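A, B, ... follow the sequence lines: proteins, then strands. Residue 1 opens every chain. When reading the values below, keep in mind they use all heavy atoms of this one structure, side chains included, and skip hydrogens, waters and symmetry mates. Since we're looking at a predicted model, the values are computed, not measured.
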Amino acid sequence: MANRTRRTVKSQDRIPKAVDRAMDKQLPSNGHIEPGISVRMGPVEKLDGDAPLTNGNNNGKRKSRGSFPNGKTYKDNSTSGEEDDIPLSKRRRTSQQTKKVQDSDSDMDDIPLAVRKPPKATAAQIGASSDSDTPLTERLVKEKESIEKAAEKTAQAIRAKEKAAGAKRKAKVESDSDDDVPLAKAKKPKVPIKKTANGVKKDDSDSDVPLKKKVTPKKTKVKAEPATPAKKAKGKAVKTEEDQAVEDEEEEYRWWEDPTKGDGTKKWNTLEHNGVVFPPPYEPLPKHVKLVYDGVPVTLHPDAEEVATFYGSMLHSTVNVENPTFNKNFFEDFTTYLDKTGHGKDKAGNTIKIKKFDKCDFKPIFEWFEAERAKKKALPAAEKKALKAEKDAAEAAYMFCMWDGRKQKVGNFRVEPPGLFRGRGEHPKTGRVKKRVAPEQVTLNIGKEAKAPEAPAGHRWKEIKHDQEGTWLAMWQENINGAYKYVMLAANSDIKGQSDYKKFEKARELKKHIDRIRKDYQKDLKSEKMADRQRATAIYLIDQFALRAGNEKGEDEADTVGCCSLKFQHVTLKQPNTVVFDFLGKDSIRFYDEVQVDLQVFKNLKIFKKPPKGEGDDIFDRLTTSALNKHLTSYMPGLTAKVFRTYNASWTMARLLKDMKAVGSDAEKVAAYNAANREVAVLCNHKRTVAASHAASMEKLNERINGIRYQVWRTKMMMIDIDPKIKKKKGAEFFERPEDLDEEWIKKHQEAVVEEERTKTQKKFEKQNEKLKADGEKEMPDKELKQRLQVANDLEKKYKKENKTGKVEAEGKGPTVDKLDTKIQTLEQRIKTMTVQAEDKEGNKEVALGTSKINYIDPRLTVVFSKKFNVPIEKFFSKTLREKFDWAIKSVDENWEF
DNA sequence: CGCTTTGATTCAGCGGCGGCTAC
DNA sequence: CGTAGCCGCCGCTGAATCAAAGC
């Protein structure tokens, strides 16, 4: 399906008045308009840009996912100030609301930096970091919790930094009106590094080369220039350590607010760590386990055998093993290993040439791995524990590093093990062999004064760097895509926390500019200049629907898109103003949404899709992500498309939490919070594949509910058994059996209940006998079992009788109508709880809440909610999340606002 | 390049349940 | 004999880990 052909149909530079007018009349011949007009849509009168942001979903159920493209609508109805009466779930953002929030927040946006106290190092800490004689390992192990670190610099560094960033951006070529940059200027990189769209447009006549696909050879320029001013700034403001020691005692070091950290220039002064952990070396298969080729077991060189095990150990993974690309890529790579190491030998020592994938039988290898897996699983708990302890001890030295004298957790200190590359979606390279990484490929980044860890015996590192502008500890290049892999600190480290803080502060900063930005793009939606109009339209989509920027992608990557890279076929237009998005986004996750947009946006999209454009052509052929981001940066330093996602997500969450009423139990408050979380996740299109077990577990849950409903009915019947007059008193309706619980269902249900009772009895009997046997006592006779099974039999009989007579004998001792009434209440309550649970589960089956919680929702919102509603933060943040968001938990009171 | 964002996979711990024991 | 309380097992959920993909 993937249409990878890049065509060069390009929009005209200017939009002729005639075209504009024609579009106003909505000539059906243009731009792939679907005729179907939704009946529920009223006339749209407004063009003021306050289309809803969030999903006005009904009851939290999103029906528009997958193949049910309906239910989710973005009706552009009124924005009268009556929003307070609209139920939460139906609320949409309006520009008024935005404004309100902004105004009320304006006085609390930022504490002046000057007011904040810079941290200082304590004497103890100074001692620690300068103590380079003690081995790091030893110190790390003893190290309790080191204190604040030395801080330098000031807001100047930031400003210098931002200037630098500005210079970098300037380096990009882009002028919206410039169609004629000579092709020659667009140099191709020698190495296939990541492409950077630079906005150079190609000639109209050249229809084989994609419009946006130029790469700027900018590397050197970008790095060298900006570094200078930044460096200067940082050099001058270093505090003395004494100063710091003094201040430290006064108040806790609010490291996340320290502008010197994580701001682009020097990230650390001293850095000590122990390097990385390599995966264990390959252990050849035992002699009796071999790849079978054409019926013959073959002995492979260990290197080739290892590759064979990569495949052999994943035979259960049908998504891979049944994917032709995967198999083709794997076998191609496997063959090169075989060619290099010599092909296999049979028992007699004859060479067996492995030529056909279809003749390879990896089953024996698979089974061996399965057996090993099972063996490991069956290990006694104590042994498992010992094994784990051993591993932990071996890795302890790598788990932490010393960063400016503070002990910090390292994130991914394990070098990625070799295997088969999977990739996501239809990745062209799926199945390729991901090679084992040797120390010779690994570059370390570490303090100059620190003692670099030794490479494993017999090896050396590729390089030892002292790059204080990098936050990584180690790095290597991976062989599939040539991407760089970095070892960095864990999410709860100072450096990550600070960068997190800055991210959300940046999003909050956007509040101050959003009105102007929206006003501008509303205006530019009508610009005569095609480039401007496309840009405005793109920003509209990013702002309203939380699309990603959408960089161009290469032929050797999965074919996914974002806003700027949307293609003709990804957007369908339905009169008068409905837009249907259907494309694969990041990670090949489907983005499907049917929305209503401003008429001008609708019209623009129509123009952008105008013939001769067709399948495969860019909708935004005059726009690149860099041009877009460059434009955004002019509003606010550091503003890019991505910031809108953070802003919109947090803003949405803030609005939902703000309007929430503090009622009910903790559980109810948590449920309400989760519902808001879910709305944000839906906004960001964070999906997960429905678990294989979902349908079954749903079925089970529903059956349990029905079982209880059946009990309710039976209990009602018991009332009649006790007091026949009750039927009149309560009305016949009360005693009617729910329709869906028909006779067929009841029969089945009864059988299942009886059967369950039987197996339970049987199991218990067997277990007891086993025990008796083990104790050397006499086992119980089968007669005993029979007797016990009588309970089940009686139950069966009772049901039969009930079915026949239509009556239910009252159960329990001394049953009364009152007692039964109470029982029904209890049962009804359980049904209610379970029904909510079931709905929740169903609604959540394809929504991933975690991603937005971890990356998009300002954690301070959660902290405020927790404080305001008096629900422990533990109910919202797991231990790791609490650590990651330590800065947020410590920094706000319940009056803080996003 | 270097960092954040992302969903899948793997792992661990929690809660429910039945059984057993002590009273 | 009935019952409260504790223990161990099991299934499941949520947390941690992992590595790819995006900007």
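- Ion pairing of A/K879 with A/E883 is present here, as a side-chain N (NZ or NE/NH1/NH2) and a carboxylate O approach within less than 4.0 Å.
- The pair A/D333-A/K429 does not count as a salt bridge, with every side-chain nitrogen at least 4.0 angstrom from each carboxylate oxygen.
- In the set C/dA20, B/dC3, B/dG7, the nucleotide with an atom closest to the side chain of A/A848 is B/dG7.
- Taking only side-chain nitrogens and oxygens, A/T689 never comes nearer than 4.0 Å to OP1 or OP2 of B/dG7.
- Taking the side-chain hydrogen bond (donor to acceptor under 3.5 Å, both in side chains) definition, one finds that A/D858 meets it with A/R860, sequence neighbours left out.
- Within the structure, a side-chain polar atom (N or O) of A/T471 is placed less than 4.0 Å from OP1 or OP2 of B/dC3.
- Contact annotation: A/Y484 side-chain N/O to B/dG2 OP1/OP2 distance is not under 4.0 Å.
- Between A/K845 and A/E842, at least one side-chain N (NZ, or NE/NH1/NH2) sits under 4.0 Å from a carboxylate O, which counts as a salt bridge.
- A/I589 comes within 4.0 angstrom of the backbone, heavy atoms only, and of no base.
- Judged by distance alone, the side chain of A/N329 and the main-chain N or O of A/T430 form a donor-acceptor pair under 3.5 Å.
- Using a 4.0 Å heavy-atom criterion, one finds that A/S697 contacts no nucleic acid atom at all.
- Between the P atom of C/dA21 and the CG atom of A/L584 lies a distance of 13 Å, rounded to the nearest Å.
- We find that CG of A/L849 is positioned 14 Å from P of B/dT6, with the value rounded to whole Å.
- One donor-acceptor pair, N or O on each side, does fall under 3.5 Å between the base of B/dT5 and the side chain of A/K586.
- Within the 4.0 Å cut-off from OP1 or OP2 of C/dA21, at least one side-chain nitrogen or oxygen of A/H427 is found.
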- Intermediate values then yes/no, ring pair (Phe, Tyr, Trp, His ring centres under 6.0 Å), A/H427 and A/F421: CA-CA 10 Å; A/H427 201 294; A/F421 176 78; 4.9 Å; yes

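- The residue among A/K879 and A/V561 whose nearest nucleotide of DNA chain C is located toward the 5' end is A/K879.
- In this entry the distance linking CG of A/L547 with P of B/dT5 reads 17 Å, nearest Å.
- Nucleic acid contact for A/R645: sugar-phosphate only, since backbone atoms but no base atoms lie under 4.0 Å from a heavy atom of the residue.
- Atom pair A/R688:CZ and B/dT9:P shows a separation of 13 Å (rounding to whole Å applied).
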Could you list, one pair per line, each protein nitrogen or oxygen that sits under 3.5 Å from a nitrogen or oxygen of nucleotides 12-17 of chain B, together with the distance?
none

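- Between A/E416 atom CD and C/dA21 atom P there is a gap of 12 Å when expressed in whole angstrom units.
- A/K496 has a side-chain polar atom (N or O) that falls below the 4.0 Å cut-off from OP1 or OP2 of B/dT4.
- In this structure, A/G850 reaches neither bases nor backbone, as no heavy-atom distance under 4.0 Å exists between it and the strands shown.
- A salt bridge between A/K502 and A/E505 is absent, with no side-chain N of the basic residue lying under 4.0 Å from a carboxylate O of the acidic one.
- Annotation: salt bridge (Lys or Arg N to Asp or Glu O under 4.0 Å) contacts involving residues 689-700 of chain A, sequence neighbours excluded, are absent.
- Rounded to an integer number of Å, the gap from A/L683 CG to B/dT5 C1' is 15 Å.
- For A/Y486 and A/S317, each mapped to the nucleotide of DNA chain B holding its nearest heavy atom, the one lying further toward the 5' end belongs to A/Y486.
- Comparing B/dT5, B/dC3, C/dA21 by their closest approach to the side chain of A/K642 singles out B/dT5.
- Across all strands shown, B/dC1 forms no Watson-Crick or G-U wobble pair with both distances under 3.5 Å.
- We find that A/D392 and A/K388 are joined by a salt bridge, their nearest charged nitrogen and carboxylate oxygen being less than 4.0 Å apart.
- For A/K553, no side-chain nitrogen or oxygen approaches OP1 or OP2 of C/dA21 to under 4.0 Å.
- Residues A/H686 and A/Y856 place their aromatic rings such that the two centres sit under 6.0 Å apart.
- Note on A/S499: a side-chain N or O is less than 4.0 Å away from OP1 or OP2 of B/dT4.
- A/R414 contributes no side-chain N or O that forms a donor-acceptor pair with the base of C/dA19 under 3.5 Å.
- A/T560 comes within 4.0 angstrom of the backbone, heavy atoms only, and of no base.
- Note on A/K485: every side-chain N or O is 4.0 Å or more away from OP1 and OP2 of C/dA19.
- One interatomic measurement links the two molecules: CG of A/D559 to P of C/dG22, which rounds to 10 Å at whole-angstrom precision.
- Note on A/K434: only backbone sugar-phosphate atoms sit closer than 4.0 angstrom, heavy atoms only; bases stay farther off.
- The phosphate of B/dT5 (OP1 or OP2) has no side-chain N or O of A/T851 nearer than 4.0 angstrom.
- Between A/K884 atom NZ and C/dT17 atom P there is a gap of 14 Å when expressed in whole angstrom units.
- OP1 and OP2 of C/dA21 both lie 4.0 Å or more from every side-chain N or O belonging to A/R548.
- For the pair A/N412 and C/dC18, the criterion of a side-chain N or O lying under 4.0 Å from OP1 or OP2 is not met.
- At the phosphate of C/dC12, OP1 or OP2 sits under 4.0 Å from a side-chain N or O atom of A/K700.
- Among the atoms of the strands shown, only primed sugar atoms or phosphate atoms (P, OP1, OP2) are found under 4.0 Å from some heavy atom of A/K841.
- Each of A/M475 and A/V319 lies near DNA chain B, and the nucleotide nearest A/M475 is the one positioned closer to the 5' end.
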